Colleague: 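Shown below is the structure under consideration.
Treat the numbers as computed from the prediction; the structure is a model and nothing was measured.
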Amino acid sequence: MVALATVAALPSAVAAQPALAAPPAPPANAPYLNPRLPVSKRVDDLLRRMTLEEKVGQMTQAERGAVDENRDQITELKLGSILSGGGSAPADNTPEGWADMVDAYQSKALATRLRIPLIYGIDSVHGHGNLVGATVFPHNIGMGATRNPGLVREQQKITAKETRATGPQWIFGPCVCVVRDLRWGRSYEAYGEAPGLVAEMETGIEGFQGRRPGDMKRPEHVLATVKHYAGDGDTVFGSSTTEGYTLDQGVTVTDRRTFMKVNVAPYVTAVKKYRVGSVMPSFSSVDWKEDGVGNPVKMHAHKELLTGVLKGKIGFDGFVISDWAAIQQIPGDYATQVRTSVNAGVDMFMEPYSAPQFVETLLAEVRAGRVKTSRIDDAVRRILKAKFELGLFERPYTDRRYAKTIGSPAHRAVARRAVAESQVLLKNRGRALPLKRNEKIYVAGVNADDMGNQAGGWTVTWQGQSGDIIPGTTILDGIRQYSKNVTYSEDASAPTAGSDVGIVVVGETPYAEGVGDVGNGHTLDLSDADKANIDTVCTAVETCVVLDVAGRPQIVTDRLAKMDAFVMSWLPGSEGAGVADVLFGKRPFKGRLPVSWPRSEDQEPINIGDRKYDPLFPYGYGLRTRGGHRH
């Protein structure tokens, strides 16, 4: 609130300028308003009509929390975009509440002279996670384990449909980072450690945007964003200077050839194969070995990689959106930060609580000649292109026709199948799995019956939270669908006598971004409570199955011998019953590790192709079972 009050006190860019006669409103038959004309002609016509203030406004994105109490700021600043950060939702967190809010903001944008509509962005990274009641899918690392690009496409089409039906037309996803160190708190946002696997899973872009250029106009599609360009999963441990982070927002130390092969490769696929509409740079920096280590450059300031490689060599013709206040990490005062990032190739600026200051500063930089008008025109041209392609000039308000499908049984069925296909069977001694129906089952562990824990970060709030936060089925609910003889004891204190099978569910509690970095209050080790539950149940019950509900592999080396079966369940989302579907053989185990499983925390980073490669379980490992119940 302090930040908000500070922003409110800043003079608007409009107020800062001398009063001038307002430019005339465009005629009703202006070419840019004609949907039959090609997008390029419409963009050219609109750009010619725009003042510098209108152009800079289009380059500015504010957080809804900064404008909600004074929505006229949208009109006054001529804002091009609004976003909802993680957990930023209307008081009425329902599909109707979302759509009404977005439409109210849109009406303020349409009150401007040129009536240029807003584009509204949101982090629907595993479903429309900010909306209570949406279908919540497994996080990307679990989807990478499915090795099923068609399923990823279907997942993201549902996410797009549920998101756009509530107002936002733009998703900050998918993350196409290549995770090279599992100590990173964003590991679960990656599809895996191999660039080829990440590229294979980029079918999700098609699910978001559609297969043809005209598909984004349809109410079941959105503009996609690949992030975080580039190298964010490959930073050096201890290189971050943000708060207590160790890896997130750190430095990637590499040579150009390796960087292109490992970190940039997924973006080539996104641009050339899927025509992705926007790209978000990383908070991280790159330090080239060729010129000596010690001079890292922030990605938001990296003209070589943003303009030279992304827009030049790769041929990206969409727009670059900055990450959350990320330009403020560039060295120098605010004017230097703005100038440097614009000139490097950033087109739209996510300045959540400093939009008025950003507008004022960029106008001053252009008028002083430190930012060329040609660079401004290039940025605005890219942004307008996306808005025309989304059909926002013809249909600026929310098309709510698919609102009733949000969280529907059909959508949840796809999520449940995704959960089942993501499960990786790592050990199965004596064919412990699949289980028989109606065996006497003893279940232990908090994560067996905690919806928030199994959904992970980016669910309702930025960091996520434990507890009953969204509708769905927990893993325990799923087990009870197959057996009526279930005893649940969170801490394994209930008697185990008479149980045929013990299922211990271990894992993590929610976190997001660098808050989850190992060394920032987190470890890859199992908790003492989880270890105790394994020891108790696996000693007392003849057949012992352990499930790991976590965003990344955990260290199980010293407990593995006690388990008859071990399953990596990842962060399954709202449909925990999908885990039970494979435990009881309704669906086969066929997931494969998208990352290498370390023997110890000290073994990180470990990746396929390393010279001394000796993980506990290798990349691609996964035992299979046949479908069909065992009787």
Colleague: Is a side-chain donor-acceptor pair under 3.5 Å present for S107 with Y397?
Modeller: no
Colleague: Using a 3.5 Å distance criterion without hydrogens, assess whether the side chain of T166 forms a donor-acceptor pair with backbone atoms of T163.
Modeller: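 Confirmed, T166 side chain pairs with T163 backbone.
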Colleague: Given L151, which of E154, R153, R147 fulfils the side-chain contact (heavy atoms from CB on, under 4.5 Å) condition?
Modeller: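 Single pass found, and it is E154.
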Colleague: Are D103 and T398 close enough that a side-chain donor and a side-chain acceptor fall under 3.5 Å?
Modeller: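 There is such a pair (donor and acceptor under 3.5 Å, judged by atom type) between the side chains of D103 and T398.
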Colleague: Between W597 and F566, does the ring centre distance come in under 6.0 Å?
Modeller: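 Under 6.0 Å, so yes.
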Colleague: Ring-plane angle category for Y621 and F617, please: parallel below 30°, perpendicular beyond 60°, tilted otherwise.
Modeller: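 Y621 and F617: parallel rings.
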Colleague: So how far is it from E513 CD to E189 CD, rounded to the nearest 0.5 Å?
Modeller: 6.5 Å
Colleague: Kindly compute the distance separating CG (L392) from CD1 (I119), expressed to the nearest 0.5 Å.
Modeller: 6.0 Å
Colleague: State, yes or no, whether a side-chain contact exists between V549 and P572 at a heavy-atom distance under 4.5 Å.
Modeller: yes
Colleague: With under 30° as parallel and over 60° as perpendicular, where do the rings of F388 and F393 fit, or are they tilted in between?
Modeller: parallel
Colleague: Would you check if there is a donor-acceptor pair between the side chains of Q454 and T474 at a distance under 3.5 Å?
Modeller: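 Judged by distance alone, the side chains do not pair up.
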Colleague: Please determine, by modelled atom types, if N263 and Y229 share a side-chain donor-acceptor pair under 3.5 angstrom.
Modeller: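 Short answer, no.
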Colleague: Given 3.5 Å as the limit, does a donor-acceptor pair link the side chain of H522 with the main chain of V515, or not?
Modeller: yes
Colleague: Could you check whether atom CD of E96 has more than 12 heavy atoms from other residues, nucleotides or ligands sitting under 6.0 Å from it?
Modeller: no
Colleague: Any side-chain heavy atom of I534 within less than 4.5 Å of one from L526?
Modeller: yes
Colleague: Could you pull out the closest heavy-atom pair between A444 and V537, with the gap in Å?
Modeller: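 Closest approach of A444 to V537, heavy atoms only: CB-CG2, 4.0 Å.
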Colleague: Measure the spacing between CD of E202 and CD of Q156 and express it to the nearest 0.5 Å.
Modeller: 11.5 Å
Colleague: Between T225 and I171, is there a donor-acceptor pair closer than 3.5 Å when you use the side chain of the first and the backbone of the second?
Modeller: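 Such a contact is found between T225 side chain and I171 backbone.
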Colleague: Apply the ring-ring contact (aromatic ring centres under 6.0 Å, His included) test between Y188 and each candidate in Y511, F137, W458, W570; give the one that qualifies.
Modeller: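 Option passing the ring-ring contact (aromatic ring centres under 6.0 Å, His included) with Y188: Y511.
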Colleague: Nearest 0.5 angstrom please: S466 OG to D450 CG, how far?
Modeller: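 Answer rounded to 0.5 Å: 5.0 Å.
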Colleague: For atom NZ of K440, is the number of surrounding heavy atoms from other residues, nucleotides or ligands below 6.0 Å larger than 12?
Modeller: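 Counting other residues, nucleotides and ligands, NZ of K440 stays at 12 neighbours or fewer.
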Colleague: State the CG-CE distance between L426 and M568, to the nearest 0.5 angstrom.
Modeller: 8.5 Å
Colleague: Just do the salt bridge (charged side-chain N to carboxylate O under 4.0 Å, His left out) check on R180 and E193 with the steps written out, would you?
Modeller: CA-CA 6 Å; R180 306 293 285 181; E193 70 185 39; 5.4 Å; no
Colleague: If we ignore angles and hydrogens, is there a donor and acceptor under 3.5 Å between the side chains of N453 and T509?
Modeller: no
Colleague: L182 and S596: which non-hydrogen atoms are nearest, and at how many Å?
Modeller: CD1-O, 3.4 Å
Colleague: V226 and F316: side chain to side chain contact (heavy atoms under 4.5 Å, CB included), yes or no, with the steps?
Modeller: CA-CA 12 Å; V226 285; F316 175 59; over 6 Å; no
Colleague: Hey, does the side chain of T203 reach the backbone of V152 with a donor-acceptor pair shorter than 3.5 angstrom?
Modeller: no
Colleague: Pick one: which of R382, R275, K272, K385 meets salt bridge (Lys or Arg N to Asp or Glu O under 4.0 Å) with D317?
Modeller: K385
Colleague: If you compare all heavy atoms of Q169 against all heavy atoms of Y120, which two are closest, and at what distance to 0.1 Å?
Modeller: OE1-N, 2.7 Å
Colleague: Could you go through K227 and D323, starting from their C-alpha distance and side-chain angles, then the distance that decides it, and tell me whether this counts as salt bridge (charged side-chain N to carboxylate O under 4.0 Å, His left out)?
Modeller: CA-CA 9 Å; K227 62 184 188 184; D323 207 336; over 6 Å; no
Colleague: Side chains of T269 and Y274, heavy atoms from C-beta outward: is any pair under 4.5 Å?
Modeller: yes
Colleague: Please say which of T135, T473, D581 ends up in a side-chain hydrogen bond (donor to acceptor under 3.5 Å, both in side chains) with R416.
Modeller: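 Testing each of T135, T473, D581 against R416, the sole residue satisfying side-chain hydrogen bond (donor to acceptor under 3.5 Å, both in side chains) is D581.
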Colleague: For V446 and E490, work out which heavy atoms get closest and say how close.
Modeller: CG2-CG, 3.4 Å
Colleague: Is there a donor-acceptor pair closer than 3.5 Å between any side-chain N or O of T543 and the backbone N or O of V501?
Modeller: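 Side chain of T543 to backbone of V501: no pair is present.
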Colleague: Verify whether one side chain among E63 and W324 offers a donor that lies under 3.5 Å from an acceptor in the other.
Modeller: no
Colleague: How long is the gap from CZ on R71 to CG on L79, to the nearest 0.5 Å?
Modeller: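 Rounded to the nearest 0.5 Å, the CZ-CG separation comes out at 13.5 Å.
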Colleague: Tell me whether K427 contacts the main-chain N or O of M563 through its side chain, where contact means a donor paired with an acceptor under 3.5 Å.
Modeller: yes
Colleague: Please evaluate residues R400 and D100 with respect to the criterion salt bridge (charged side-chain N to carboxylate O under 4.0 Å, His left out), reporting the C-alpha separation (whole Å), side-chain torsions for both, the decisive distance (0.1 Å), and the verdict.
Modeller: CA-CA 10 Å; R400 309 182 189 205; D100 288 348; 2.9 Å; yes
Colleague: Ignoring hydrogens and angles, tell me if any N or O in the side chain of T405 forms a donor-acceptor pair with the backbone of S408 under 3.5 Å.
Modeller: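 Between the backbone of S408 and the side chain of T405 there is no qualifying donor-acceptor contact (under 3.5 Å).
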Colleague: For the CZ atom on R218, are there more than 12 heavy atoms of other groups (residues, nucleotides or ligands in this structure) within a distance under 6.0 Å?
Modeller: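 Result for CZ/R218: open.
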Colleague: Given 3.5 Å as the limit, does a donor-acceptor pair link the side chain of N140 with the main chain of Y191, or not?
Modeller: no
Colleague: Is the shortest heavy-atom distance from the side chain of W184 to the side chain of D248 under 4.5 Å?
Modeller: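 A side-chain contact exists here, since the closest heavy-atom pair is under 4.5 Å.
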Colleague: When you compare the side chain of T459 with that of H126, does any pair of heavy atoms fall below 4.5 Å?
Modeller: yes
Colleague: Using modelled atom types and a 3.5 Å cut-off, is there a donor and acceptor pairing between side-chain atoms of H221 and backbone atoms of F208?
Modeller: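 Side chain of H221 to backbone of F208: a pair is present.
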Colleague: Does some side-chain heavy atom of I141 sit less than 4.5 Å from a side-chain heavy atom of V595?
Modeller: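 A side-chain contact exists here, since the closest heavy-atom pair is under 4.5 Å.
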Colleague: Might you point out which heavy atoms bring N130 and G85 nearest each other, and give the distance in Å?
Modeller: ND2-O, 3.1 Å
Colleague: If you look at every heavy atom in G457 and P510, which pair is closest and at what distance?
Modeller: N-CB, 4.1 Å
Colleague: Less than 4.5 Å apart, side chain to side chain, heavy atoms only: is that true for L583 and Y482?
Modeller: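 The answer is no; the side chains never approach within 4.5 Å.
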Colleague: Compare all side-chain heavy atoms of E206 with those of D215 and state whether any distance is below 4.5 angstrom.
Modeller: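 No, every pair of side-chain atoms sits at 4.5 Å or beyond.
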